[in-house]
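Numbered from 1 within each chain, the chains take letters A, B, ... in sequence-line order.
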Number of protein chains: 2
Amino acid sequence: MVMSGKHAIFNGKLIDAEQAVLPVQDKEFQYGFGVYESLRVIQGRVVYGEDHIMRLFYSAEGLGLRHPYTSEQVTSYLMLLIEVDAIEDATIRILLMGGMEARLFITVAPLLTYPKSFYNEGIKAIAYNGERYLPQYKTCSLLMNYMALRQASSQGAFEALLVDRNGLILEGTRSNVFAFEEKSVYTAPVSMVLEGVTRDKIIKAAKKLGYRVVFEAPRIEDVLAGRFNELCISSTSMGAMPLSMVDDYTFNSNFSIITAIHTLIRQWELDALH
Amino acid sequence: MVMSGKHAIFNGKLIDAEQAVLPVQDKEFQYGFGVYESLRVIQGRVVYGEDHIMRLFYSAEGLGLRHPYTSEQVTSYLMLLIEVDAIEDATIRILLMGGMEARLFITVAPLLTYPKSFYNEGIKAIAYNGERYLPQYKTCSLLMNYMALRQASSQGAFEALLVDRNGLILEGTRSNVFAFEEKSVYTAPVSMVLEGVTRDKIIKAAKKLGYRVVFEAPRIEDVLAGRFNELCISSTSMGAMPLSMVDDYTFNSNFSIITAIHTLIRQWELDALH
């Protein structure tokens, strides 16, 4: 368990970080009836905070998880926490658990970053047969993601690509997936996956760089047959991260497209802070 | 949240019940990487305790969830808790969360019982399209069960029957399912469902009462077309509970088979206590 903040927020109130707990007898905890977001704080400012809060509420609505919070309130809690603990760089997690009375936790962990080599050399991924339940929402139902990720780790891979019953790569365990073929980029439509905050930026960046965005999930058999020049995963913490291998297939690429996209979206992040 | 016990067990140590909590920053909590069991305590004795503990360990092994506990240790924790709080009748929950160090919680709630009318008149169920992830294990991945059960409740039903992509009723959200046709009873094979402790007793009881047990999951279309005389759900807390309706289909039955089976398995429970 990573715990960096001295404080946390519970239902709008500042608490000590170690008081951010849930009773194991809590019914909604037992059922995993909750939604969450992970946000980046850079230079004391939340990156795309409003987008994340809107998606938290979208996930809650999708599950019929009622709560009394407004975007302004959650924003003010984030500000309070950043101020009290003088946070510069961090990953902040918002957890909204359902129930007779919804419970909102905001906790702080160190900023999640990755080695430069991951971006320069690409990372390995495995294919894993599995479909998330309610994939459009960011829910606490993550056991399959955990199992898939553990299998990836045991094979020296960094991510598992989730392949549905039709052979489509819909997403990673904690990422969206993009496959580049000449001047086109393929990714699953939002009806099938979480509408990633970073996914949206990558689509914008790809268009800006002259790529045609096709909302069709790439097929695993096409990846393994070498159809795509480059493949990347994306998330708030990763940005756009290139894949060097999927199972036994190796990409023969310098990842120039993905590097350009990653650079652009990180620049936009910084621009948005000021 | 129902909390009846004064105490709980955490990793073998007696604690106050309100200290049975998990930090929301705990990675395994966030991923739902845990397994559990619900047990009945009657007359101060655990019903089929060893069966439940064995299944807890079976679920843990299925997930690759490592822990240091033995059946004897868990049994002794249960005994300790029952003695300290002078428990007569209760539902006990064992939760085993994975991680670098596994964590074992044992908590106490009031004995879960149901009105006699549920057994005499049967209960209503709805059909819900959904498949559990790793259905052979009793895991914390229960969001679909929660959503299905909530939909059932909103339609005045007590249970949702989970129908897989092939139209088979594999199980309920918290129960196994049995369908009776003349002198045969149909239920999903253990390869497809949780090997219920009560499921096993119902199979034994059905055989004793002269029924042939067929390990084939009943089809929802056959249920709705009136193929089966009686249908029941089963669990530790329910025993064998008859269904009066599934969606719009009404069973025209006095539930004589199911009542006989329920009576027999409850008698066996009492016999096993002494």
Pairwise distance CZ(Arg174(A)) to OH(Tyr31(B)) - rounded to 0.5 angstrom: 6.0 Å

Structural part of Phe33(B) lying under 4.5 Å from a heavy atom of chain A: both

Residue Tyr146(B) versus chain A: region with a heavy atom under 4.5 Å: both

Greater than 12 external heavy atoms within 6.0 Å of Glu195(A)'s CD: no

For the student: nearest non-hydrogen atoms of Gly32(B) and Leu143(A), plus distance: O-CD1, 3.7 Å

Among the listed options Thr107(B), Asn145(B), Leu22(B), the residue most often paired with chain A at heavy-atom distances under 4.5 Å: Leu22(B)

Donor-acceptor pair, side chain of Gln25(A) and main chain of Val21(B), under 3.5 angstrom: no

Heavy atoms of other groups near Gln19(B) CD, more than 12 under 6.0 Å: yes

More than 12 heavy atoms from other groups under 6.0 Å of CD on Gln136(B): yes

Toward chain A, the part of Leu95(B) with a non-hydrogen atom under 4.5 Å: side chain

Heavy atoms from other residues, nucleotides or ligands near CD of Gln155(A) exceed 12 (cutoff 6.0 Å): yes

Minimum-distance pair of heavy atoms, taken over all atoms of Met147(A) and Leu134(B): CE-CD1, 4.2 Å

Interatomic distance, Tyr133(A) atom OH to Arg132(B) atom CZ [nearest 0.5 angstrom]: 13.0 Å

Contacting region of Phe29(B) [heavy-atom separation from chain A under 4.5 Å]: side chain

Which of Gly130(B), Cys140(B), Gly64(B) touches chain A most, by non-hydrogen pairs under 4.5 Å: Gly64(B)

Option in Met100(A), Gln30(A), Glu28(A) with maximal non-hydrogen atom pairs under 4.5 Å from chain B: Gln30(A)

